[in-house]
Amino acid sequence: MKMTFQKLVIGASMAIGVSAIATAPAHATSFSFNNANEINTYTGGSNGSFIANNTVAASQALNDGDVSSNVELWYTDENPTSNVGFTATQGNYSATVSSVTASDWSSFGSQWLSSLLSTYTPFQSLWNGFSANTQSLITSSLPSLGIGDPNIGSFQFDQNGGVQLSLVGDLDVKARLSATITTNLNAAWNKVSPQFPANTPAPTLSQVNTLIPQLQSQLTAIPGQILLAQSQLSQLAKIPQTSAAISTIAKLNAQITQATTLQGQLSDQITQLTSYKDLLNFQAAVNAYQGQIGASEIAKVVDGTNTYYAYSFNPMSTGITASDDHVSYSAYYTWNTPGYTDPTKQVPEPSIILGLLGVAGVFATQRKFKKASI
């Protein structure tokens with residue numbers, strides 16, 4: 001009779017525990033892709049393979065827990081012209097993750113640049129010294145960095161619908177940043193070179209630093225020259241308009257026109273050369289920077305009525321490189337929505353705690369019965 005009652009207690013306790021655990025919410029995340037022709041999946045590891053246009057492989061890579069396997073959103077080139085991606089759904093929660101277009105960059109580019117400069121502080125003071133034209137030039141060229149076609153390594157919701165992504169990329173993007181600056185340098189010189197003699201080579205930083213003050217000196221003198229010519233015209237207007245006076249007036253008007261044209265040309269040259277100088281300084285600073293410059297690719301995340309741009313400057317090593325170029329996928333970056341709680345660190349629900357306590361109670365009860373039967 002004692003053993004029968006003991007079994008009943010144990011059975012009831014275990015039933016409570018199992019029931020509580022069984023009622024804990026568990027929902028798989030499903031993924032739907034808006035353009036399968038622009039996704040490319042890497043199966044992970046240094047010997048992984050690429051599987052293009054396959055939504056099953058892509059969904060598996062997002063769910064497999066391997067940080068090196070990933071799905072590239074927009075893989076035709078590095079300059080997306082549309083938002084290619086997926087919508088993740090789990091129970092009542094959904095979020096859309098996609099590539100980033102030039103239009104998106106116009107919305108968040110300044111925010112991204114500010115985050116970059118605050119992370120790599122040696123560049124902040126340099127940026128503060130740039131002309132407004134240089135800052136605008138750099139900001140408008142951000143899409144050419146080629147980081148708007150993100151490789152998504154994983155996706156998950158927390159218990160409140162918060163989102164966490166891992167973005168797979170490179171440990172160091174210094175070479176990419178330097179290449180973008182070089183492109184901007186060439187563009188800046190192409191704008192101003194027509195105002196110099198043909199075949200004039202692009203000036204060095206030392207030459208620019210000498211040339212700008214010379215041009216500025218010429219520019220500063222022009223208002224005085226125009227004022228003098230206008231004063232002379234005023235005096236000539238008071239005397240009889242002889243042929244000599246008329247000729248002089250024509251010459252003075254021509255001088256004023258030429259001086260005004262030169263004023264605009266010099267001003268433009270100084271503006272463009274100042275940007276060229278700023279970019280030369282920027283490139284030198286990037287190349288001289290000691291250490292890695294880590295920056296993830298960027299994904300657009302739409303969560304309900306909220307739009308976020310997912311990126312990070314805090315790389316973690318994947319321990320592998322891609323099987324094709326043996327350079328890519330050396331790092332992953334983690335991003336999450338504000339207030340996100342890691343599911344592995346969440347406090348268990350009360351029903352689960354009670355269930356576990358019930359199971360634990362089995363052993364305490366069993367010990368008591370053993371003592372009572374002695």
Side-chain angles (χ1 to χ4, degrees), residues 29-42 52-53 55 58-59 61-63 67 69-90 93-116 119 138-158 160-170 173 176-177 180 294-315 328-329 331-340:
T29 302
S30 61
F31 301 93
S32 61
F33 295 81
N34 66 0
N35 186 351
N37 294 325
E38 278 291 354
I39 63 170
N40 196 21
T41 302
Y42 183 69
N53 315 327
T55 59
S59 297
L62 294 170
N63 267 325
V67 295
S69 66
N70 64 83
V71 183
E72 183 174 11
L73 307 179
W74 187 278
Y75 78 98
T76 299
D77 54 37
E78 295 185 330
N79 299 291
T81 57
S82 65
N83 297 115
V84 169
F86 60 83
T87 296
T89 304
Q90 179 181 296
Y93 302 130
S94 69
T96 298
V97 179
S98 66
S99 54
V100 172
T101 66
S103 177
D104 293 319
W105 272 106
S106 66
S107 299
F108 81 98
S110 295
Q111 166 197 323
W112 180 87
L113 190 57
S114 177
S115 297
L116 173 71
T119 302
I138 292 174
T139 302
S140 64
S141 71
L142 291 178
S144 65
L145 281 170
I147 57 177
D149 55 333
N151 293 71
I152 310 299
S154 66
F155 176 100
Q156 65 179 353
F157 289 107
D158 70 6
N160 298 313
V163 169
Q164 182 180 78
L165 301 177
S166 66
L167 301 120
V168 182
D170 300 335
V173 298
R176 176 177 291 190
L177 183 57
T180 301
S296 74
E297 293 180 315
I298 304 165
K300 184 177 184 177
V301 180
V302 179
D303 176 13
T305 59
N306 300 311
T307 297
Y308 305 96
Y309 291 94
Y311 59 85
S312 169
F313 301 104
N314 184 27
S328 302
Y329 308 158
Y332 71 95
Y333 300 76
T334 301
W335 174 91
N336 51 255
T337 52
Y340 176 86

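- Looking at Phe313 and Ser115, their side chains come closer than 4.5 Å, going by heavy atoms from C-beta outward.
- Ser296 is not listed as a side-chain neighbour of Pro315, based on a closest heavy-atom distance of 4.5 Å or more.
- With rounding to the nearest 0.5 Å, the separation of CD1 in Ile138 from OG1 in Thr180 is 10.5 Å.
- Looking at Ser98, its side chain never comes within 3.5 Å of a backbone N or O of Val301 through a donor-acceptor pair.
- In this structure, Ser114 contributes its side chain and Ser110 its backbone to no donor-acceptor pair below 3.5 Å.
- Between Trp335 and Tyr340, the distance from one ring center to the other does not fall under 6.0 angstrom.
- Distance check, rounded to the nearest 0.5 Å: OG of Ser30 to CG of Asn63 gives 9.5 Å.
- Rounded to the nearest 0.5 angstrom, Asp149 CG and Ile39 CD1 are separated by 14.0 Å.
- Contact of the Glu78 side chain with the Glu297 side chain is not registered, since no non-hydrogen atoms from C-beta on lie closer than 4.5 Å.
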| Criterion side chain to side chain contact (heavy atoms under 4.5 Å, CB included) on Ile152 and Val97, from CA distance to verdict | CA-CA 9 Å; Ile152 310 299; Val97 179; 4.1 Å; yes
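- Within the 4.5 Å cutoff, the side chain of Thr337 has heavy atoms near those of the Val163 side chain.
- Rounding to the nearest 0.5 Å gives a distance of 10.0 Å between OG1 of Thr41 and CD of Glu72.
- Partners of Asp104 by salt bridge (Lys or Arg N to Asp or Glu O under 4.0 Å), not counting sequence neighbours, listed by chain and number: Lys300.
- The shortest distance between side-chain heavy atoms of Phe33 and Val84 does not fall below 4.5 Å.
- The minimum heavy-atom distance linking Gly161 with Asp303 is given by the pair O-OD2, 4.1 Å.
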| query | Between Thr139 and Leu113, does a side chain to side chain contact (heavy atoms under 4.5 Å, CB included) hold up when you go through it step by step? | reply | CA-CA 8 Å; Thr139 302; Leu113 190 57; 3.8 Å; yes
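- When each of Val71, Leu62, Asn34, Thr96 is tested with Phe86 by the rule side-chain contact (heavy atoms from CB on, under 4.5 Å), just one qualifies, namely Leu62.
- If you check the side chains of Tyr75 and Asn53, you find a donor sitting under 3.5 Å from an acceptor.
- Glu38 is not listed as a side-chain neighbour of Leu73, based on a closest heavy-atom distance of 4.5 Å or more.
- Residues Pro338 and Tyr308 are in side-chain contact: their nearest non-hydrogen atoms beyond the backbone lie under 4.5 Å apart.
- Checked against a 6.0 Å centroid threshold, the rings of Tyr333 and Tyr311 do not count as neighbours.
- A donor-acceptor pair under 3.5 Å is absent between the side-chain atoms of Asp170 and the main chain of Val173, judged by distance alone.
- Using modelled atom types, one finds no donor on one side chain facing an acceptor on the other under 3.5 Å when comparing Thr29 with Gln156.
- Proximity of Tyr42 to Asn151: side-chain heavy atoms (C-beta onward) are nowhere separated by under 4.5 Å.
- Between Trp74 and the options Val100, Asn35, Thr81, Asn40, a side-chain contact (heavy atoms from CB on, under 4.5 Å) holds for only Thr81.
- Heavy-atom minimum distance, Ser69 versus Ala61: OG-O, 3.4 Å.
- Asn160 places no side-chain N or O within 3.5 Å of a backbone atom of Gly162 that could act as its donor or acceptor partner.
- When all heavy atoms of Gly339 and Asp158 are compared, the pair lying nearest together is O-OD2, 4.1 Å.
- Looking only at distances, no side-chain donor or acceptor of Ser94 sits under 3.5 Å from a matching main-chain atom of Gln90.
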